[in-house]
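Ligands are counted one by one from 1 in listed order, and the atoms in each one are counted from 1 as well. Start at 1 with the first residue, then count along the sequence.
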Amino acid sequence: MGPLSDEGLDLLFREARTYYAWTNQPIAEETLQRLYELSKWGPTSANASPARFVFVRSPQAKERLRPALTAGNVEKTMTAPVTVIVAYDLKFYEKLPKLFPHNPAMRDIFAKNPQLVESTAKRNSSLQGAYLMLAARALGLDCGPMSGFDNAKVDEEFFGTGQCEDCEEEFFPAGHVKSNFLCNLGYGDRAKLLPRSPRLEFSEACTLL
Ligand SMILES: Cc1cc2nc3c(=O)[nH]c(=O)nc-3n(C[C@H](O)[C@H](O)[C@H](O)COP(=O)(O)O)c2cc1C
């Protein structure tokens, strides 16, 4: 397998933008499943995979997000075909026997150290959110990540009761899933983009030792 073509690199990086306005093309449910199936392969520490993803699609579910959004993020979120809540499970270590079977001691290392749990969950769910964005771009979708929202409100609304609206079983048990950031997904409206802001040069951001 060789490196990606220039076209692939453009799609993932050079031509990919952060979108705030969307065409009305919807996202098929199978596309969201493909999105997860790709992004799940990104590496996380001890393969712990602490991120949990809530794909907010229906107008009713979007309304549950609205009160938590900063004013500038309301319109772009309400009009996006999907908004994903990138969250993390503070009890991610309960799945280590499945995810890290060759080292059974790992579960207890986390279970005994809440600080390590918190930093691992935050760091790795952020990475997993980035894998999700790159996977989305690889599938031809566009992204609009956002941290301008009230995490506590989202957590109370979506993770507080532990009861998923449409399902009978508990999906996200109360209290130990927390939001990290939101990301709008859809097919972006290029005509509404502002010019791209610059990035730091290699010499400003990198040192070779
Ligand atoms: C974690 C994160 C949080 C962000 N939060 C917001 C936000 O709350 N509202 C917003 O309009 N843009 C937000 N942005 C968008 C950034 O400003 C944008 O990605 C950046 O300027 C690069 O734009 P470009 O991809 O078009 O080059 C956020 C981006 C990231 C990665």
Side-chain angles (χ1 to χ4, degrees), residues 4 6-23 25 27 32 35-36 38-39 42-45 49-57 61-90 118-159 177-202 204-206:
L4 282 183
D6 249 9
E7 208 183 10
L9 296 174
D10 282 345
L11 180 71
L12 290 184
F13 297 101
R14 292 185 291 241
E15 294 293 325
R17 294 291 311 274
T18 298
Y19 281 84
Y20 303 112
W22 312 94
T23 67
Q25 186 178 347
I27 304 179
L32 295 178
L35 179 60
Y36 177 73
L38 283 177
S39 38
T44 55
S45 55
S49 312
R52 302 292 179 264
F53 304 98
V54 181
F55 293 103
V56 180
R57 301 180 299 164
K62 284 285 192 70
E63 284 305 319
R64 294 171 63 195
L65 269 181
R66 187 194 287 271
L69 300 170
T70 57
N73 285 335
V74 171
E75 180 67 13
K76 57 185 79 133
T77 303
M78 292 301 146
T79 53
V82 175
T83 305
V84 54
I85 306 173
V86 178
Y88 52 89
D89 187 353
L90 289 169
E118 171 116 13
S119 61
T120 302
K122 283 188 175 161
R123 179 183 307 115
N124 289 278
S125 65
S126 298
L127 287 169
Q128 289 182 274
Y131 304 145
L132 186 90
M133 291 195 277
L134 287 172
R137 289 170 170 181
L139 291 174
L141 292 166
D142 294 304
C143 304
M146 293 173 294
S147 50
F149 70 99
D150 184 328
N151 290 71
K153 277 191 187 161
V154 166
D155 295 351
E156 196 190 335
E157 179 61 32
F158 288 87
F159 308 126
V177 175
K178 307 280 179 204
S179 55
N180 183 335
F181 69 97
L182 305 177
C183 187
N184 290 326
L185 295 172
Y187 298 91
D189 185 350
R190 252 193 181 267
K192 304 251 168 69
L193 283 175
L194 295 171
R196 195 170 215 187
S197 300
R199 301 298 202 258
L200 298 179
E201 300 303 326
F202 184 92
E204 295 175 285
C206 312

Checklist line | Residue, atom name and distance, where the atom is the protein heavy atom closest to atom 13 (C) of ligand 1 | finding: Pro145 O, 3.3 Å
Check: Would Glu63 and Arg66 satisfy salt bridge (Lys or Arg N to Asp or Glu O under 4.0 Å), going step by step from the backbone distance to the final call?
Finding: CA-CA 5 Å; Glu63 284 305 319; Arg66 187 194 287 271; 2.9 Å; yes
Check: Looking at atom 23 (O) of ligand 1, would you say a protein heavy atom lies below 4.0 Å from it?
Finding: yes
Check: Could you go step by step and tell me if Arg14 and Asp6 meet the salt bridge (Lys or Arg N to Asp or Glu O under 4.0 Å) rule?
Finding: CA-CA 9 Å; Arg14 292 185 291 241; Asp6 249 9; 3.0 Å; yes
Check: What do we get for Arg196 next to ligand 1 when only non-hydrogen atoms under 4.0 Å count, side chain, backbone, both or neither?
Finding: side chain
Check: With atoms numbered from 1 as shown, which atoms in ligand 1 lie under 4.0 angstrom from a non-hydrogen atom of Arg199?
Finding: 22 (C), 24 (P), 25 (O), 27 (O)
Item checked: For atom 15 (C) of ligand 1, the protein heavy atom that lies nearest, with its residue and separation -> Tyr20 OH, 3.5 Å
Checklist line | Phe149 to ligand 1, any heavy atom closer than 4.0 Å | finding: no
Notebook entry, point to check: By number and element, which atoms of ligand 1 are closer than 4.0 Å to a non-hydrogen atom of Asn73?
Noted result: 7 (C), 8 (O), 9 (N), 10 (C), 11 (O)
Note to self: With the threshold set strictly below 4.0 angstrom, can you tell me whether any protein non-hydrogen atom sits that near atom 1 (C) of ligand 1?
What the structure shows: no
Next item on the list: From the options Ile85, Val84, Leu35, select the one residue that forms a side chain to side chain contact (heavy atoms under 4.5 Å, CB included) with Phe53.
Entry: Val84
Notebook entry, point to check: How far is atom 19 (O) of ligand 1 from its nearest protein heavy atom, and which residue and atom name does that atom have?
Noted result: Thr18 OG1, 2.6 Å
Checklist line | Spacing of CD1 belonging to Ile27 relative to CG belonging to Leu139, to within rounding of 0.5 Å | finding: 10.0 Å
Next item on the list: Mark up the atoms of ligand 1 that fall under 4.0 Å of a heavy atom belonging to Gly148, in ascending order.
Entry: 8 (O)
Notebook entry, point to check: Quick one: nearest non-hydrogen protein atom to atom 5 (N) of ligand 1, plus distance?
Noted result: Ser147 N, 2.9 Å
Next item on the list: Indicate yes or no for a side-chain donor-acceptor contact from Gln25 to the backbone of Tyr187 under 3.5 Å, with no hydrogens or angles considered.
Entry: no
Notebook entry, point to check: What atoms of ligand 1 come closer than 4.0 angstrom to any heavy atom of Arg17?
Noted result: 24 (P), 25 (O), 26 (O), 27 (O)
Check: Does any N or O in the side chain of Ser39 come within less than 3.5 Å of the main-chain N or O of Leu132, such that one atom is a donor and the other an acceptor?
Finding: no
Next item on the list: Report yes or no: does a heavy atom of Lys76 sit under 4.0 Å from some atom of ligand 1?
Entry: yes
Notebook entry, point to check: Just by modelled atom types, is the Leu194 backbone N or O under 3.5 Å from a matching donor or acceptor in the Arg17 side chain?
Noted result: yes
